[in-house]
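Reading through the structure tokens given below for one structure.
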Amino acid sequence: MKIKILTIFPEMFAPVLGASMLGRAQENGLLSFEVIDIRPFSLRKHKNTDDDPFGGGAGMVMLAQPIVDAMRFAMGESFRGRRIYMSPRGQTLTQRKVEELAKEETLILLCGHYEGVDQRAIDLCIDEELSIGDYVLTGGELAAMVVADSVARLIPGVLGCEESAQTESFSSGLLEYPQYTRPRVFEGLEVPEVLVGGNHALIEDWRFEQALRLTLERRPEMLRGLPMDKRQRRIFNRVMASREQLSDGQSDKSALIPSNEAENRVY
Ligand code: ADE
């Protein structure tokens, strides 16, 4: 996969894309990043990339011309992929969206600044707008890094351990269960006994229960329609019963009943 980033601040990317897993993935040829500076594409005398908004108002608007020319350069002759404008008015990024993007041959991420980008640049050369959350950043660069990182880690070989991409929060439909490593006792706190007992079925059940409890507590809406196998459903019913007892029957279990169709899905 190729990820190309169009930005007026190319220097922001080297520390992120060149470090850790992403740096190694590039060295191993699993993916490539190309950061393209928009400014040299400007046909204005001083290589400006912005101007006042027509109709008045605060702030500046990024010029269409340098963006469209930089995009054409990034696309080359036979572009296949998706061109995304990072913007708070876009669709919000989710793990499902990340999985969809990871299937593309090339992603081109346009980072906006100031009060936005001339709409004609978006109309001419953007396939979709993506937001990383309901807040406003000073520019699209950090958002593009989030997309690059979340997509890159799904490319086979990037993580080194494919299972961890599947079991973590969101991929399984639940928040991730707690993890422990050595030592067995730290500042008086012990690792749960089941994790050192060597019984893998029990460990799997314990992890499922912990993930379930965390999700119920923090993101109960994620449980709606969640597919479960028989074993998981039994754990789910037990957890709900114990919660009902605790809250004196006040919890609304009906809103969280998982879907029946996927009853036999095996994780
Ligand atoms: N640019 C500014 N804020 C943003 C956000 N929340 N998501 C994506 N791009 C942005």
Side-chain angles (χ1 to χ4, degrees), residues 1-19 21-22 31 33-39 41-42 48-71 73-75 79 81-104 106-155 169-171 218-219 221-222:
M1 147 162 293
K2 290 192 188 112
I3 300 180
K4 303 187 183 197
I5 296 162
L6 305 186
T7 173
I8 53 168
F9 293 111
E11 67 281 3
M12 285 178 72
F13 288 88
V16 173
L17 303 184
M21 301 242 178
L22 299 189
L31 77 156
F33 294 115
E34 188 182 351
V35 181
I36 297 166
D37 188 358
I38 295 170
R39 194 172 299 277
F41 289 91
S42 173
N48 298 351
T49 56
D50 63 334
D51 208 335
D52 300 318
F54 276 124
M60 305 287 272
V61 176
M62 284 179 75
L63 300 169
Q65 176 273 316
I67 291 174
V68 171
D69 285 350
M71 182 62 83
F73 170 81
M75 289 169 69
F79 175 73
R82 210 161 326 172
R83 300 162 302 173
I84 296 168
Y85 170 43
M86 301 312 307
S87 154
R89 72 180 191 187
Q91 190 191 336
T92 309
L93 187 70
T94 59
Q95 189 63 25
R96 194 165 300 165
K97 186 79 197 174
V98 172
E99 284 161 15
E100 187 190 310
L101 297 179
K103 295 186 190 125
E104 296 286 350
T106 303
L107 293 179
I108 303 181
L109 309 177
L110 169 64
C111 307
H113 259 271
Y114 315 114
E115 292 310 302
V117 160
D118 188 312
Q119 184 60 36
R120 292 163 296 182
I122 297 168
D123 295 343
L124 282 169
C125 62
I126 290 298
D127 298 311
E128 71 179 277
E129 297 185 33
L130 260 191
S131 164
I132 62 160
D134 289 343
Y135 42 82
V136 182
L137 303 165
T138 55
E141 281 75 12
L142 290 170
M145 289 180 212
V146 168
V147 172
D149 188 276
S150 55
V151 168
R153 63 190 291 289
L154 293 189
I155 295 168
S169 297
F170 300 113
S171 297
R218 297 180 185 176
R219 300 285 305 275
E221 80 284 0
M222 285 173 66

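In each ligand, atom 1 is the first atom listed, and ligand 1 is the first ligand listed.
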One line per pair, note the atom names and distance for all nitrogen or oxygen contacts under 3.5 Å between ligand 1 and the protein.
residue  : atom  : partner : partner atom : Å
ligand 1 : 3 (N) : Leu137  : N            : 3.0
ligand 1 : 6 (N) : Gly133  : O            : 3.1
ligand 1 : 6 (N) : Tyr135  : O            : 2.8
ligand 1 : 7 (N) : Ile132  : N            : 3.0
ligand 1 : 9 (N) : Ser87   : N            : 3.2

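Distance CE/Met21 to CD1/Ile155: 13.5 Å, rounded to 0.5 Å.
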Side-chain donor-acceptor distances from residues 9-19 under 3.5 Å, at least two apart:
none

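Applying the salt bridge (Lys or Arg N to Asp or Glu O under 4.0 Å) criterion to Arg218, with sequence neighbours excluded, gives no partner residue. Here Glu128 pairs with Arg82, Lys97 under the side-chain hydrogen bond (donor to acceptor under 3.5 Å, both in side chains) rule; sequence neighbours left out.
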> Taking it one step at a time, do Leu101 and Ile84 satisfy side chain to side chain contact (heavy atoms under 4.5 Å, CB included)?
Replying inline: CA-CA 10 Å; Leu101 297 179; Ile84 296 168; 3.8 Å; yes
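For Glu129 (side chain) and Pro88 (main-chain N/O), no donor-acceptor pair under 3.5 Å exists by modelled atom type.
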